[in-house]
Participant: 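The structure follows.
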Amino acid sequence: MVVREYSEELQYLERLTPHSWRIKKGFQPNMNVECKFYVNQHLEELMFEELKNSCRPGTIGGFLPGMKQIANVAALPGIVGNSIGLPDVHSGYGFAIGNMAAFDISNPDSIVSPGGVGFDINCGVRLLRTNLMEKDVQQVKESLAQSLFDHIPVGVGSKGIIPMNAKDLEEALEMGVDWSLREGYVWAEDKEHCEEYGRMLNADPSKVSLRAKKRGLPQLGTLGAGNHYAEIQIVDEIFDKYAATKMGIDCIGQVCVMIHSGSRGFGHQVATDALVEMEKAMARDKIETNDRQLACARINSVEGQNYLNAMAAAANFAWVNRSSMTFLTRQAFAKQFNSSPDDLDMHVIYDVSHNIAKIEEHIVDGKLKTLLVHRKVISPKLYE
């Protein structure tokens, strides 16, 4: 057996800066734009090691499949700029995880792809601060953790304890955090620290299947499984004192809580339903991709708009879900420390999605363009 040299891949890689690389056209067929990815010295060493391993019989490198997925995204119709790989990039469904790409709304051929958002729509992270210090929780950390477990349902198939009927769900899908505010599960200022203020205005519950709604109805206020977590964290380093002070996180040893979760089975079903419809749209509109996992539809097609409306509803579900868990977290801390959440200063610092597609304005080649930006990254905690 003749083993090809990994220089075959290297000819398409070019270093741009000490921490960024270009993937030239030709790495994968039909690329419309080039790719960029970012690595530090340690990740770069792993990259070359995995490239070598990928050329040995019986081995599969982790880097190369992710790079090929980034390059396959670069071949999608309507993409502008570059297909971007962030430092956490690795293989995913359709898009690599850690892959971002933007598509020009004004181009009638531009597409939207559920594989560029992911199955857990609006999976994201929310950070809460407290005025507690490490010494305050050290002696009670086991009982505090147990209190969180008691309040927040976890695991596959877990069911929420937030009361909700079919009418409530319809309203939550449309209103997002505004529903949580109306029902008394969040503080008014919480939404000020949420991306999109916790509500995507193009959400349309009528574009969501009954099956998705049935899956989502019992899961509100649940963490789920996999890499999701509700974690008590301690500040151990401050990089920007001014910004930290503005956020009220300005002490080494200060206690915070991070919640990482998404739209649960609801979002998974929305993505699954859309993929079925988009395969039909691709056949009708003669859209070809390098990978069938990149099933897509033109943004302005019925299928494209239906997905974006349903995806927005799933994003709203996820914000309501994280808001519900915030309510439960505040209850758990209040019970443990015999104090009110307000007295414990349990304010939301941020709530940011890492699985979403949104219409945004950006400057591309010196011109302001309206783009549909697919963002499929991963929890910030995993950058540690």
Side-chain angles (χ1 to χ4, degrees), residues 30 32 72-73 75-80 83 93-95 99-122 166 169-176 196 199-216 262-263 265-319 353 355-362 369-376:
N30 307 314
N32 296 311
N72 284 335
V73 169
L76 290 173
I79 188 171
V80 298
S83 178
Y93 182 92
F95 279 51
N99 193 181
M100 296 177 64
F103 299 82
D104 188 352
I105 293 288
S106 66
N107 183 341
D109 293 327
S110 289
I111 58 87
V112 56
S113 175
V117 173
F119 283 92
D120 193 1
I121 296 168
N122 190 8
L169 179 62
E170 293 284 329
E171 293 174 348
L173 297 182
E174 182 178 348
M175 296 172 64
E196 298 293 326
R199 178 180 185 178
M200 291 191 75
L201 298 177
N202 63 318
D204 185 349
S206 72
K207 305 303 182 184
V208 177
S209 70
L210 181 60
R211 185 175 183 183
K213 291 173 182 177
K214 285 183 176 179
R215 290 186 67 179
S263 51
F266 181 92
H268 194 285
Q269 192 62 49
V270 166
T272 301
D273 294 339
L275 288 168
V276 173
E277 294 303 312
M278 287 186 176
E279 286 185 358
K280 299 174 185 176
M282 289 176 67
R284 181 194 66 214
D285 296 335
K286 297 180 173 56
I287 300 172
E288 296 184 359
T289 63
N290 289 347
D291 181 355
R292 65 180 304 232
Q293 291 185 356
L294 289 171
C296 57
R298 289 174 180 157
I299 294 172
N300 292 320
S301 68
V302 171
E303 294 83 2
Q305 288 299 302
N306 285 349
Y307 170 70
L308 288 171
N309 294 151
M311 183 213 70
N316 288 348
F317 181 97
W319 277 311
S353 169
N355 288 78
I356 205 163
K358 289 169 40 179
I359 295 176
E360 302 173 359
E361 289 188 336
H362 293 277
K369 289 184 176 289
T370 302
L371 309 173
L372 180 63
V373 180
H374 292 62
R375 197 161 83 211
K376 186 179 180 181

Participant: Please determine whether side-chain contact (heavy atoms from CB on, under 4.5 Å) holds for the pair L372 and S110, giving the CA-CA distance in whole Å, both sets of side-chain angles, and the decisive distance to 0.1 Å.
Facilitator: CA-CA 9 Å; L372 180 63; S110 289; over 6 Å; no

Participant: Working to the nearest 0.5 angstrom, can you tell me the gap between K376 NZ and I356 CD1?
Facilitator: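 Rounded to the nearest 0.5 Å, the NZ-CD1 separation comes to 14.5 Å.
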
Participant: Which atom names give the shortest non-hydrogen contact between P114 and Y307, and what distance separates them?
Facilitator: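 Distance-wise, the nearest heavy atoms are CA-OH, 3.6 Å.
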
Participant: State, to 0.1 Å, how close L76 and I79 come at their nearest heavy-atom pair, and which atoms those are.
Facilitator: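 For L76 and I79, the tightest heavy-atom pair comes out as O-CG2, 3.4 Å.
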
Participant: Taking K213 for its side chain and L169 for its backbone only, find out whether a donor-acceptor pair lies under 3.5 Å.
Facilitator: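 Looks like no, no N/O pair under 3.5 Å.
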
Participant: Should the ring pair F317 and F266 be called parallel, tilted or perpendicular, given that the plane angle runs from 0 to 90° and is split at 30 and 60?
Facilitator: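 If you compare the ring of F317 with that of F266, the planes turn out parallel.
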
Participant: Using modelled atom types only, decide if a donor and an acceptor are shared between the side chain of N122 and the backbone of N355 within a distance under 3.5 Å.
Facilitator: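 No, the answer is negative, given that no donor and acceptor are paired below the 3.5 Å cut-off.
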
Participant: For R284, does the CZ atom sit with more than 12 other heavy atoms under 6.0 Å from it, leaving out its own atoms?
Facilitator: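 For R284, atom CZ is crowded (more than 12 foreign heavy atoms under 6.0 Å).
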
Participant: Parallel, tilted or perpendicular: which fits the ring planes of F103 and H374, with parallel below 30° and perpendicular above 60°?
Facilitator: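 Plane angle over 60°, so perpendicular.
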
Participant: Considering residues at least two apart in sequence or located in another chain, which fulfil the side-chain hydrogen bond (donor to acceptor under 3.5 Å, both in side chains) criterion with E361?
Facilitator: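 Here no residue qualifies.
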
Participant: Hey, is K358 close enough to E196 for a salt bridge, meaning N to O under 4.0 Å?
Facilitator: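 Salt bridge between K358 and E196, a charged N being under 4.0 Å from a carboxylate O: yes.
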
Participant: Working to the nearest 0.5 Å, report the span between CD of E303 and NZ of K207.
Facilitator: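 That separation rounds to 11.0 Å.
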
Participant: Which atom names give the shortest non-hydrogen contact between V270 and A310, and what distance separates them?
Facilitator: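 That closest heavy-atom pairing would be CG1-CB, 3.8 Å.
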
Participant: To the nearest 0.5 Å, what is the distance between OG1 on T289 and CD1 on I111?
Facilitator: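 Interatomic distance, T289 OG1 to I111 CD1, rounded to 0.5 Å: 9.0 Å.
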
Participant: Working to the nearest 0.5 angstrom, can you tell me the gap between S106 OG and L371 CG?
Facilitator: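 The CG atom of L371 is 8.5 Å from OG of S106, to the nearest 0.5 Å.
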
Participant: I'd like to know if the side chain of Q305 reaches the main chain of I299, judged simply by a donor and an acceptor atom lying under 3.5 Å from each other, with no hydrogens or angles considered.
Facilitator: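 Pair found, side chain donor or acceptor close to backbone of I299.
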
Participant: If I take atom CG from residue D285 and atom OG from residue S301, how far apart are they, to the nearest 0.5 angstrom?
Facilitator: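 Here the rounded value is 6.5 Å.
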
Participant: Identify the two heavy atoms, one from A271 and one from G118, that lie closest to each other, and give their separation to 0.1 Å.
Facilitator: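 Nearest pair, atom of A271 first, then G118: CB-O, 4.1 Å.
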
Participant: Does any pair with a residue in residues 101-113 pass salt bridge (Lys or Arg N to Asp or Glu O under 4.0 Å), and if so which ones, sequence neighbours excluded?
Facilitator: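 Every salt bridge (Lys or Arg N to Asp or Glu O under 4.0 Å) pair that includes a residue of residues 101-113, provided the two are not neighbours, is D104-K369, D109-R298.
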
Participant: Judged by atom type as modelled, is there a donor-acceptor pair below 3.5 Å linking the side chain of R199 to the main-chain atoms of N316?
Facilitator: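 Looks like no, no N/O pair under 3.5 Å.
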
Participant: In Å, rounded to the nearest 0.5 Å, how long is the span from CD of E288 to CG of L294?
Facilitator: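 One gets 13.5 Å once the value is rounded to the nearest 0.5 Å.
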
Participant: Do side-chain atoms of D291 reach the backbone of Q293 as a donor and acceptor pair under 3.5 angstrom?
Facilitator: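 It does hold such a pair.
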
Participant: Could you walk me through whether H362 and V80 pass side-chain contact (heavy atoms from CB on, under 4.5 Å), step by step?
Facilitator: CA-CA 11 Å; H362 293 277; V80 298; over 6 Å; no

Participant: Search all heavy atoms of G304 against all heavy atoms of V112 and return the closest pair with its distance.
Facilitator: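 Residues G304 and V112, closest heavy atoms: CA-CG1, 3.8 Å.
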
Participant: Step by step, would you call E277 with N306 a side-chain contact (heavy atoms from CB on, under 4.5 Å)?
Facilitator: CA-CA 10 Å; E277 294 303 312; N306 285 349; over 6 Å; no

Participant: Side chains of S263 and D120, heavy atoms from C-beta outward: is any pair under 4.5 Å?
Facilitator: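 Yes - at least one pair of side-chain heavy atoms lies under 4.5 Å apart.
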
Participant: So, the side chain of R211 versus the backbone of Q269: is there a donor-acceptor pair under 3.5 Å, distance only?
Facilitator: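 Checking the backbone N and O of Q269 against the side chain of R211, no donor-acceptor pair under 3.5 Å is found.
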
Participant: With sequence neighbours left out, write down each residue that passes side-chain hydrogen bond (donor to acceptor under 3.5 Å, both in side chains) with N72, or none if nothing qualifies.
Facilitator: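 Counting only residues at least two positions away or on another chain, N72 forms a side-chain hydrogen bond (donor to acceptor under 3.5 Å, both in side chains) with Q28, N290.
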
Participant: Any idea which heavy atoms bring C296 and S113 closest together, and the distance?
Facilitator: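 Reported closest heavy-atom pair: CB-CB, 3.9 Å.
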
